[in-house]
Amino acid sequence: MKKTLTVLTVILLLAAPLFAGGQSETTAGTTAAVRPTLNEDGTFHLPIADTPTEFSIFLNFNNMPFDSSWKVWQRLAADTNISFKSVISQSNSNETEAYNLMLSSGNLADVIGYVSTADLESLGRDGGLIPLNDLIDEYAPNIKKMMDEDPKFRQYATSTDGNIYFIPKNQGLKAAEYWWIRNDWLEKLGLDAPTDIDEFEKVMYAFRNEDPNGNGLKDEVPLFDRAGWKMPEEYLYLFDSSTGFYTRNGVVEFEPLEENFRYGVRKLIQWYKDGIIDPEIFTRGNKSRDVLFSANLGGCTHDWVSTSEYNVKLASDVPGIELIAIAPPADQNGVVKERTERFPGVGWGISSACKDPVTVIKFFDYLFTEDGSALMNWGIEGEEWYTDENGNKKFYDSVLKGNQSVVGYLRSIGSLYRVGFNQDGGYELASMNKWGFAASDLYESHPEWFLEDQPPYSDGELDMKYQPEDESRYKRIMNNIKPYVEEKFQSWIIGTADFEADYDKFISELHARGIDEAIAINQKAYDYYMSAGK
Ligand code: CA
């Protein structure tokens, strides 16, 4: 893998002048006498092209190569006169392989989307994607408006060289994961929903010791998480810590060096010993939620809104099961904080091979209009959705109660694809059950729980963008630190190493392995990221 990428980088570097040449030529050739995107009355001018125009496209989202026969994209083509032809065959599901093959062939599709932001930006810096900054200013008023109104959207789109190489997929809802707890167990034991970490701890011990599942066995698993295998420190969040980097008031910290870490690890060691935390937290894997709720053993987890569906799915197998979302418990310092949050994700860009970037950026912009956005989020009016008497969009029962999930169905018609658009919270709310809706309502109404000034934080890591020269240095340092921290953390929790005896040596080892330089590189990346939103 590493070797392939190195070879490709070399090929790319050699090919760079070719990419760059194509770019200046097309840009100069097409921006002279084109019609503005909007009509004089401010409405979007349709069709975008006077005659049907096709562009080639490279996109393969969740093993689904772009498919021009999806009905939503057929409708978009009818409305705009723009269509896209996939350069990936429908049978090819390996996105990385297909991407590398395209780059090494030197034949770039007109439009390119890819799973990795860093790879798209590096293609941009090598001249394979054109900078969109000027095109947005001139021809994409709806994208420009979203960038002006939503700093996170602009930050995510902006590369470390100041250029915008792709239009991200934006996120309407803020909350990602919620604290879910068995409300029926709380009621059975006569307990209130916990509001701070001390109450939370008491509830977890009651779940463990007072037989809420009523089978006479001490078999409950109060705390578990299906992401434990990839982010074993999920429960350090309760103590405002983690095994990685986090920012506070604009300052990047490596949390294992801080007091909250010490406090949290001591608690988790005790909880693990006392059976509060799933004994298989590090190994059970992503079936944990299915397994532990179905067996009526799991008490509390931190997870997505899909957790609310177990109330319906398990109604007959686990009579009375009721999972509700509670606010994140206030930590030992009295602060309520939710670390997980949604951020914009990768979308699509225009390659240097594209002969008419102006027309493409207009199409990109169309997906940010009300009509384009409805197609991408809800499907087709009269087929998937209608407007009710209060003016709200509603899905037909055929979508809500079909044999696929709502998301699965919408993806099968080409909506919710991984392109640049604004993922509208409304469609999600319209597809939630009452517990999911209540969870979303609770978290969305408390923006103060979420940290504002921060780059994307996902799977327990800050997703920073680095200058190329910093990136290799940073990776080298962290490759030597991250596995060390994870190994230490796990051995302390499961009790094969002694935290109190190890801690001082652990800290000096982190310094010896270069953590201070890694912090400095992250601080520089953070400062740049925040300035990109301005
Ligand atoms: Ca029991």
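No hydrogens, no waters, no symmetry mates; every other heavy atom, side chains included, goes into these values. The first residue of the sequence shown is numbered 1, and numbering continues consecutively from there. All ligand and atom numbering here is 1-based and tracks the order in the structure.
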query: Looking at residues at least two apart in the chain, or sitting in another chain, which of them share a side chain to side chain donor-acceptor pair (under 3.5 Å) with Ser86?
result: none

- request: Enumerate the residue pairs fulfilling side chain to side chain donor-acceptor pair (under 3.5 Å) with a member in residues 401-410, sequence neighbours excluded, ordered by first and then second residue.
  value: Glu384-Tyr409

query: Is Arg248 salt-bridged to Glu255, cutoff N-O under 4.0 Å?
result: yes

task: Check the pair Asn522, Tyr474 against side-chain contact (heavy atoms from CB on, under 4.5 Å), reporting the backbone distance first and the verdict last.
output: CA-CA 8 Å; Asn522 265 342; Tyr474 179 75; 3.1 Å; yes

- prompt: Which protein N, O or S atoms lie under 3.0 Å from the Ca ion (ligand 1)?
  reply: Asp211 OD1, Asn213 OD1, Asn215 OD1, Leu217 O, Asp219 OD1, Glu220 OE1, Glu220 OE2

message: Show me the pairs that pass ring pair (Phe, Tyr, Trp, His ring centres under 6.0 Å) and involve residues 216-235, at least two apart or across chains.
response: Phe224-Phe293

- request: Tell me, with the steps shown, if Ser440 and Leu429 meet side-chain contact (heavy atoms from CB on, under 4.5 Å).
  value: CA-CA 8 Å; Ser440 187; Leu429 294 170; 3.4 Å; yes

